[in-house]
Amino acid sequence: MLSEFDLISQYFTRAPRADGPIALGVGDDCALLMPTAGMQLAVSSDMLVAGRHFFADVDPYTLGHKSLAVNLSDLAAMGARPLGFTLALALPEARAEWLAPFAAGLLALADAHACELIGGDTTKGPLNICITIFGETLPGQALRRDAAQVDDDIWVSGTLGDARLALAGYRNEFSADLHMTGDDHARAATRMHQPTPRVALGMALRGIAHAAIDISDGLVGDLGHILQRSGVGATLAVDSLPPGPVLLTQAQAFQRQFTLAGGDDYELCFTAAAHQRDAVLAAARSAGTEVTRIGCIEALSGLRFIDANGALLDLQLTSFDHFRTT
Ligand code: ADP
Ligand code: MG
């Protein structure tokens with residue numbers, strides 16, 4: 001069995017890049033960061049708990065990826081550039097067969113975003129992964145939830161619903177109506193286990209988009225946060241939502257339910273003035289990410305749904321809430 005310090009030095013200690021923003025990384029009482037002069041620090045934490053956010057026996061490589069991806073996604077939703085992150089880890093036991101792939105998945109994504117592991121804490125206990133991430137953004141240009149304006153377009157990046165579809169497969173939900181081959185389920189499951197944080201898109205939307213949020217608990221619930229914080233309402237054109245490629249093969253009722261109230265998508269939902277449509281599309285192209293216009297911000301509070309003919313739809317949806325009991 002590895003000691004706590006062997007474990008940290010073997011799996012979680014790397015020298016920070018000399019030309020980067022980390023003056024001192026893992027190994028001292030604190031890490032030291034040097035944000036670019038004049039920038040604002042963006043800070044966010046996310047905790048992943050075994051049995052709640054992931055299955056305890058999930059592949060450790062993808063778990064390492066997802067643990068950091070959900071935090072990078074929060075930076076993306078603010079339009080912030082990643083600087084570094086800390087990792088607080090509770091582990092039932094220190095097993096190399098688990099730690100090596102977990103660290104590999106985590107650090108591969110960290111490298112892809114030049115976001116360094118700068119410290120953390122390690123303790124024995126039920127598996128629990130808490131990452132705090134640090135980024136920087138231009139003062140006045142962060143994409144805040146409270147900044148949506150009446151008549152803004154509503155946009156979403158990528159596709160929605162495949163992660164939720166994968167979960168339905170694992171849970172054997174709706175088994176009479178859901179039809180998925182093993183290959184389809186594997187493709188959808190990749191969306192669930194290895195989400196792609198839209199960091200480049202978030203940064204490219206600075207100065208163009210008004211409000212943004214990343215979709216972790218389902219589009220309706222997360223867009224609802226923008227509406228509430230901005231004091232506005234919205235109409236969503238349900239048939240313009242982009243279902244994931246696997247979800248596209250399912251019945252329309254599932255497509256609507258899982259795009260609107262899925263979860264684990266980690267796409268960006270953002271608003272921008274209608275005169276910025278070309279700028280939004282150019283930003284998306286520069287980031288290599290598709291975006292789709294899905295609705296409009298309105299003064300009337302509440303969220304309305306329309307179909308392709310503009311007719312109002314009465315949809316009953318619920319989005320995920322850890323503390324809701326019904
Ligand atoms: P302290 O007693 O000051 O809390 P620790 O002994 O817990 O320090 O940690 C020693 C060093 O290792 C610190 O720099 C800490 O940030 C780092 N560290 C601890 N756990 C992790 C981890 N899981 N990932 C990265 N760095 C870690
Ligand atoms: Mg400690």
Side-chain angles (χ1 to χ4, degrees), residues 1-36 39-76 78 80-136 193-197 199 216 266:
M1 189 95 159
L2 290 164
S3 80
E4 176 187 335
F5 298 104
D6 293 340
L7 183 163
I8 295 165
S9 75
Q10 192 163 338
Y11 297 108
F12 300 120
T13 304
R14 298 189 308 174
R17 285 189 338 267
D19 58 346
I22 311 304
L24 185 63
V26 170
D28 213 314
D29 295 311
C30 291
L32 299 173
L33 275 74
M34 270 188 307
T36 311
M39 299 290 273
Q40 282 180 341
L41 259 189
V43 182
S44 176
S45 291
D46 260 299
M47 188 186 293
L48 271 71
V49 177
R52 167 58 73 174
H53 301 97
F54 59 89
F55 306 115
D57 61 352
V58 73
D59 171 31
Y61 184 95
T62 61
L63 183 60
H65 173 104
K66 185 165 180 174
S67 305
L68 182 58
V70 302
N71 283 275
L72 285 165
S73 182
D74 284 323
L75 289 186
M78 295 300 281
R81 181 171 78 93
L83 298 174
F85 67 101
T86 61
L87 169 67
L89 192 60
L91 284 173
E93 51 184 351
R95 282 195 305 122
E97 308 84 74
W98 190 91
L99 277 161
F102 174 81
L106 180 85
L107 296 175
L109 188 64
D111 287 345
H113 291 276
C115 184
E116 311 237 20
L117 177 55
I118 58 173
D121 201 22
T122 307
T123 174
K124 196 175 165 88
L127 184 56
N128 187 318
I129 302 154
C130 183
I131 287 179
T132 297
I133 198 162
F134 301 84
E136 62 181 22
H193 296 306
Q194 285 192 276
T196 306
V199 175
S216 51
Y266 296 102

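Remember, predicted model here, so these are calculated numbers, not experimental data. When a ligand or atom number is given, it counts from 1 through the structure's own listing order. The first residue in the sequence is number 1, and the count goes up from there. Computed from heavy atoms alone, side chains included, the values below leave out hydrogens, waters and symmetry copies.
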Identify the heavy atoms of [X] and [Y] that sit nearest to each other, and give their distance.
X	Y	value
E97	P60	O-CG, 4.4 Å
A103	Y11	CB-O, 3.7 Å
P92	L127	CD-N, 3.9 Å
P195	A69	O-CB, 3.7 Å

Item checked: Residues in salt bridge (Lys or Arg N to Asp or Glu O under 4.0 Å) contact with D111, at least two apart in sequence or another chain ->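 For D111 the salt bridge (Lys or Arg N to Asp or Glu O under 4.0 Å) partners, ignoring immediate neighbours, are R14.
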With heavy atoms of [X] as the reference, note each atom of ligand 1 found under 4.0 Å away.
X	result
D121	7 (O), 19 (C), 20 (N), 21 (C), 23 (N)
D28	13 (C), 14 (O)
V26	12 (O), 14 (O), 17 (C), 25 (C), 26 (N)
T122	19 (C), 20 (N), 21 (C), 22 (C), 23 (N)

When you measure from [atom] to each heavy atom in [options], which option holds the nearest one?
atom	options	answer
atom 12 (O) of ligand 1	D29, T123, I8, L106	I8
atom 11 (C) of ligand 1	G25, G27, C30	G27
atom 27 (C) of ligand 1	S9, G120, C130	G120

Checklist line | F5 heavy atom under 4.0 Å from ligand 1 | finding: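 In this structure, F5 qualifies as a contact of ligand 1 - some heavy atom is under 4.0 Å.
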Check: Hey, is the main chain of L24 close enough, under 3.5 Å, to the side chain of D28 for a donor-acceptor pair?
Finding: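 No, because the side chain of D28 does not come within donor-acceptor range (under 3.5 Å) of the backbone of L24.
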